[in-house]
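This structure is a prediction, so every number in the text was calculated from the model and none was measured.
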Amino acid sequence: MREAGAMSHRSLNLDVADGVATVRLTEADRGNPFDAAMCADLRDVATTCSLDDSVRCVLIESTGRFFSVGGDLASLGASAEALPAFVGSATVDFHAAVSRFASMDAPVVTAVHGLAAGGGVSLASGADILLAARSANFYAAYQGIGLAIDGGGSHHLPRRVGHGRATSFYLRNEMWSADDAHAYGLVDEVVEDDALADAARSLAAQLASGPTRAFGEVKRLLTASWDRPIDAQLEAEAQAMMATARTADAWAGISAVAAKERPAFEGR
């Protein structure tokens, strides 16, 4: 078993304890922007979490006034000639991180406070469970500077809020309050500002005590269901059921419930 422990990067910290990998964005003085370093750091921690057998839930949170202001304007505005290459390079790392968070067994919980803009919305929308402080706002941002969408926003947001509402969000460059985002389906739960950190950590701890392998199968089944015909999806469900039936957690869970006891899952 590999265990990450605590790791510091330029733009974020990673700490693994009690099954929860906490990814904390730490460039508060800059608004936690998506620059080359942030994208590379996210890729590195996503890879570390996906390889660490002790990670049973990932919690993404941030420090400072904002969750993330989105793209780093200093990097984007450095040179018109260099802009396409910068964007192309940064998205390779950013997208690798999003893909690994989406495909790993461990559920991803994201806690948003303040402003989430552009790539911050994309990262947040990819969470398995998204919590927001009541004062949080979600801002499309990309079209305000003439860019498209990255970070999986075009994949995850429509699945959460529907095609029409996602289209309106991006094309009209909208900003949603936390309550609006909850009503639309982007946010799973809105909590008071001073309760966000504790609520997110409590949820992460709860998920970290669950059947991690089964969580992974559920995540992948739900994602794939949008593109598969029913017969293919049913077969995928059967394969996933057989895969989880071979886990120690499944037998422990069935045995405990049959004995009217509380299951104790170990993530294997």
Are side-chain N/O atoms of [X] and [Y] paired as donor and acceptor at under 3.5 Å?
| X | Y | answer |
| --- | --- | --- |
| E61 | T110 | no |
| S11 | D41 | yes |
| S125 | R160 | no |
| N173 | Y142 | no |
| N13 | T26 | no |

Considering only heavy atoms from C-beta outward, does the side chain of [X] approach that of [Y] to under 4.5 Å?
| X | Y | answer |
| --- | --- | --- |
| H95 | R43 | no |
| I129 | P107 | no |
| V190 | V187 | yes |
| L186 | W176 | yes |
| H113 | L131 | no |
| H9 | M38 | no |
| Y170 | Q143 | yes |
| I60 | F101 | yes |

At what distance, to the nearest 0.5 angstrom, does [atom1] of [X] lie from [atom2] of [Y]?
| X | Y | atom1 | atom2 | result |
| --- | --- | --- | --- | --- |
| E217 | M242 | CD | CE | 10.5 Å |
| D18 | S54 | CG | OG | 10.0 Å |
| L157 | F169 | CG | CZ | 6.0 Å |
| L73 | D35 | CG | CG | 11.5 Å |
| R201 | C57 | CZ | SG | 13.0 Å |
| F215 | T244 | CZ | OG1 | 12.0 Å |

Check: [Y] main-chain N/O paired with [X] side-chain donor or acceptor under 3.5 Å:
| X | Y | value |
| --- | --- | --- |
| S68 | F34 | no |
| S99 | A96 | no |
| T48 | D44 | yes |
| Q233 | L221 | yes |
| K219 | D128 | no |
| N32 | V69 | no |
| N137 | A178 | no |
| R56 | G210 | yes |

Lys/Arg-Asp/Glu bridge criterion (N-O < 4.0 Å) met for D180, R165
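Looking at D180 and R165, the cut-off is not met.
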Ion pair check, D72 and R30, cut-off under 4.0 Å
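Salt bridge: yes.
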Could you go through the side-chain contact (heavy atoms from CB on, under 4.5 Å) check for M175 and L115 one step at a time?
CA-CA 10 Å; M175 182 181 290; L115 176 69; 4.2 Å; yes
Could you go step by step and tell me if R268 and D249 meet the salt bridge (Lys or Arg N to Asp or Glu O under 4.0 Å) rule?
CA-CA 6 Å; R268 58 185 180 85; D249 278 347; over 6 Å; no
May I have the step-by-step check of side-chain contact (heavy atoms from CB on, under 4.5 Å) for S168 and E174, ending in yes or no?
CA-CA 7 Å; S168 178; E174 293 176 344; 2.7 Å; yes
hydrophobic_cluster_shared for [Y] and [X], side chain cutoff 4.5 Å:
| X | Y | result |
| --- | --- | --- |
| L196 | L203 | yes |
| F67 | V109 | no |
| L12 | F66 | no |
| V55 | V20 | no |
| L83 | I145 | yes |

What's the verdict on side-chain hydrogen bond (donor to acceptor under 3.5 Å, both in side chains) for T47 and R100, showing C-alpha distance, side-chain angles and the deciding distance?
CA-CA 7 Å; T47 300; R100 285 175 185 144; 2.7 Å; yes
Any idea which heavy atoms bring [X] and [Y] closest together, and the distance?
| X | Y | result |
| --- | --- | --- |
| A21 | V16 | CB-CG2, 3.9 Å |
| M104 | C49 | CE-CB, 4.0 Å |
| P158 | G153 | CD-O, 3.4 Å |
| A204 | L59 | CB-CB, 4.2 Å |
| P263 | G253 | CB-CA, 4.0 Å |
| S154 | I149 | N-CG2, 3.8 Å |

side-chain hydrogen bond (donor to acceptor under 3.5 Å, both in side chains), that's the test. Do T212 and D105 meet it? Break it down for me.
CA-CA 6 Å; T212 313; D105 287 345; over 6 Å; no
Show your reasoning for whether side-chain contact (heavy atoms from CB on, under 4.5 Å) applies to F138 and V112.
CA-CA 9 Å; F138 298 82; V112 172; 3.9 Å; yes
Does T63 form a side-chain contact (heavy atoms from CB on, under 4.5 Å) with L25? I'd like the steps, not just the answer.
CA-CA 6 Å; T63 59; L25 311 185; 5.7 Å; no
Sequence neighbours excluded, every pair satisfying salt bridge (Lys or Arg N to Asp or Glu O under 4.0 Å) that has a member inside residues 130-150
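Matches after skipping sequence neighbours: R134-D179, R134-E192.
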Remaining members of hydrophobic cluster (4.5 Å side-chain criterion), V218
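ILVMFWY cluster around V218 also holds L222.
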Taking atom CZ as the centre, does R10 end up with more than 12 heavy-atom neighbours from other residues, nucleotides or ligands that are less than 6.0 angstrom away?
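Yes - once you tally the heavy atoms of other residues, nucleotides and ligands closer than 6.0 Å, there are more than 12.
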